[in-house]
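First the structure, in the form of structure tokens, and then the observations on it.
Hydrogens, waters and symmetry mates are skipped; everything else that's a heavy atom, side chains included, is used.
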Amino acid sequence: MKTHTELGAALRAWRGRIGPADIGLPVGGDRRVPGLRREELALMVGISVDYLVQLEQGRATNPSSQVLGAFAQVFRLNAVDRELLYRLAGSVAPPSGSVPNEVPRGVQRMIDRMSDTPVAVFTAAWDAVQWNPLWGELFGNATEVGPRTQNLIWGHFAGAPPAGTSRIDRDPAHTDAFERRMVADLRRAADRYPDDRAVAELIGGLREANPRFADLWARYETVPTGRSRKTVVHAELGEITLDCDILTIECADLHIVLNWAEPGTPDAEKLALLRERITATAHR
């Protein structure tokens, strides 16, 4: 009963956040509380008011997938809240189409403020979405990926670095951890977006191109995201050793990759030279 009670509380909270104008209903009448009336929500979802009351009070169980989908659409839930809705209802959220690649404005503002750090944004399947100028200078303006739709996993397992781009070196332990994490992430993307043809073709191509990928794919491992270390072999500055952190933006299903150099080291000095180059170019 606890789960059903939590579902009811969530439905009431989401109902209170959506106004009639948000879903194309007239805003007239005396409204004592913010948000949609039960009658309005029931109409939009396609259920009776009595059934909605039972759901909100925790007296009804196991709403259908169609009803949950309608709730998610009316409430305009993001991916995280959508999964929460289905979980509270004792169900599993169905696939939601293709891998998203849109960067929310709030995330974009955060990225724009990281101009002193090499940072790039990738989709759940590790396609490059965007990168800042310092990342471009560090990796050669083609990011750390190969020619196949600028996908990081393809670039590592099957792609040759484009001319003029930096080479990435990792020690054996970091290479193993990186490869296992990337394969696990790709499997999560494939499970979440089974209808995305590009993801299926990417996986098929990788399994044919690289036995190491095929072996890791067959393990069905779950590997958490964590910090790693790599050495970027820059065409002009030589080796730059960096720590790498990956932030996952759940609401948009994006990965943000940040690279750091230890302060006071030659690596930090080389990053500073790249920043100076960007500044000089901007003032020309």
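- Comment: Glu236 engages Arg277 in a salt bridge, judged by a side-chain N to carboxylate O separation of less than 4.0 angstrom.
- We find that Arg197 and Glu201 are joined by a salt bridge, their nearest charged nitrogen and carboxylate oxygen being less than 4.0 Å apart.
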Apply side chain to side chain contact (heavy atoms under 4.5 Å, CB included) to residues Phe157 and Glu179 and explain how you reach the verdict.
CA-CA 9 Å; Phe157 284 103; Glu179 291 177 343; 3.6 Å; yes
Give the intermediate values and the outcome of salt bridge (Lys or Arg N to Asp or Glu O under 4.0 Å) for residues Asp215 and Arg219.
CA-CA 7 Å; Asp215 174 65; Arg219 296 185 189 182; 2.9 Å; yes
Verdict with reasoning, Leu242 to Trp260, per side chain to side chain contact (heavy atoms under 4.5 Å, CB included)
CA-CA 5 Å; Leu242 302 167; Trp260 316 89; over 6 Å; no
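- The aromatic ring centroids of Phe178 and His156 lie less than 6.0 Å from each other.
- To the nearest 0.5 Å, the span separating CG on Asp245 from CG on Asn259 amounts to 9.0 Å.
- The distance from atom CG of Leu55 to atom CG of Leu41, rounded to the nearest 0.5 Å, is 9.5 Å.
- Remark: Arg207 engages no residue in a side-chain hydrogen bond (donor to acceptor under 3.5 Å, both in side chains) (not counting sequence neighbours).
- One finds no salt bridge joining Asp191 and Arg187 here, because no Lys/Arg side-chain nitrogen approaches an Asp/Glu carboxylate oxygen to under 4.0 Å.
- Crowding of Gln108 atom CD: a count of heavy atoms from other residues, nucleotides or ligands under 6.0 Å exceeding 12.
- Between Leu52 and Arg38, the closest heavy-atom pair is CD2-O, 3.4 Å.
- Ring planes of Phe213 and Trp217: parallel class, angle under 30° (limits at 30 and 60°).
- In this structure a side-chain-to-backbone donor-acceptor pair under 3.5 Å is present from Lys270 to Glu239.
- Between Val121 and Trp131, every side-chain heavy-atom pair lies at or beyond the 4.5 Å cut-off.
- Counting heavy atoms from C-beta on, the side chains of Leu186 and Trp126 never come closer than 4.5 Å.
- Using a 4.5 Å cut-off on side-chain heavy atoms (C-beta onward), Leu77 and Phe71 make no contact.
- Checking side-chain atoms of Tyr193 against main-chain N and O of Pro100 turns up no donor-acceptor pair under 3.5 Å.
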Verify side chain to side chain contact (heavy atoms under 4.5 Å, CB included) between Leu274 and Leu237, making sure each step is shown before the conclusion.
CA-CA 9 Å; Leu274 294 178; Leu237 301 180; 3.7 Å; yes
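- The backbone N or O of Met114 sits less than 3.5 Å from a side-chain atom of Asn132, completing a donor-acceptor pair.
- With rounding to the nearest 0.5 angstrom, the CD1 atom of Ile111 is 7.5 Å from the CD1 atom of Ile249.
- Look at Asp116 and Arg275 and you find no salt bridge, because none of the NZ, NE, NH1 or NH2 atoms lies under 4.0 Å from a carboxylate O.
- Rounding to the nearest 0.5 Å places CD of Gln54 at 9.5 Å from OG1 of Thr61.
- Looking at every heavy atom in both residues, Thr123 comes nearest to Val99 through CB-CG1, 3.6 Å.
- The CG atom of Asp253 sits 7.0 Å away from the NE2 atom of His255 when rounded to the nearest 0.5 Å.
- Expressed to the nearest 0.5 Å, how far CD1 of Ile168 lies from NE2 of His174 amounts to 14.0 Å.
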Test side chain to side chain contact (heavy atoms under 4.5 Å, CB included) applied to Ser91 and Leu68, step by step:
CA-CA 9 Å; Ser91 185; Leu68 294 173; 4.2 Å; yes
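- Put simply, Ile240 and Leu273 are part of the same group of oily side chains (I, L, V, M, F, W, Y) that touch within less than 4.5 Å, one to the next.
- Contact of the Phe75 side chain with the Asp81 side chain is not registered, since no non-hydrogen atoms from C-beta on lie closer than 4.5 Å.
- Considering only heavy atoms from C-beta on, Leu152 comes within 4.5 Å of Met182 through its side chain.
- Counting heavy atoms from C-beta outward, Pro118 and Leu258 have side chains that stay 4.5 Å or more apart.
- The 12-atom threshold is not exceeded at CD of Gln73, counting heavy atoms of other residues, nucleotides or ligands nearer than 6.0 Å.
- Within the 4.5 Å cutoff, the side chain of Leu11 has heavy atoms near those of the Leu85 side chain.
- Partner of Asp243 under the salt bridge (Lys or Arg N to Asp or Glu O under 4.0 Å) criterion, out of Arg170, Lys230, Arg229: Arg229 alone.
- With salt bridges taken as basic N to acidic carboxylate O contacts below 4.0 Å, one links Arg15 and Glu56.
- Side-chain contact between Val103 and Leu254 is present, with heavy atoms from C-beta onward closer than 4.5 Å.
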Evaluate the salt bridge (Lys or Arg N to Asp or Glu O under 4.0 Å) criterion for residues Asp176 and Arg212: first the C-alpha distance (whole Å), next the side-chain angles of each, then the deciding distance (0.1 Å), finally the verdict.
CA-CA 10 Å; Asp176 178 72; Arg212 166 67 171 168; 2.8 Å; yes
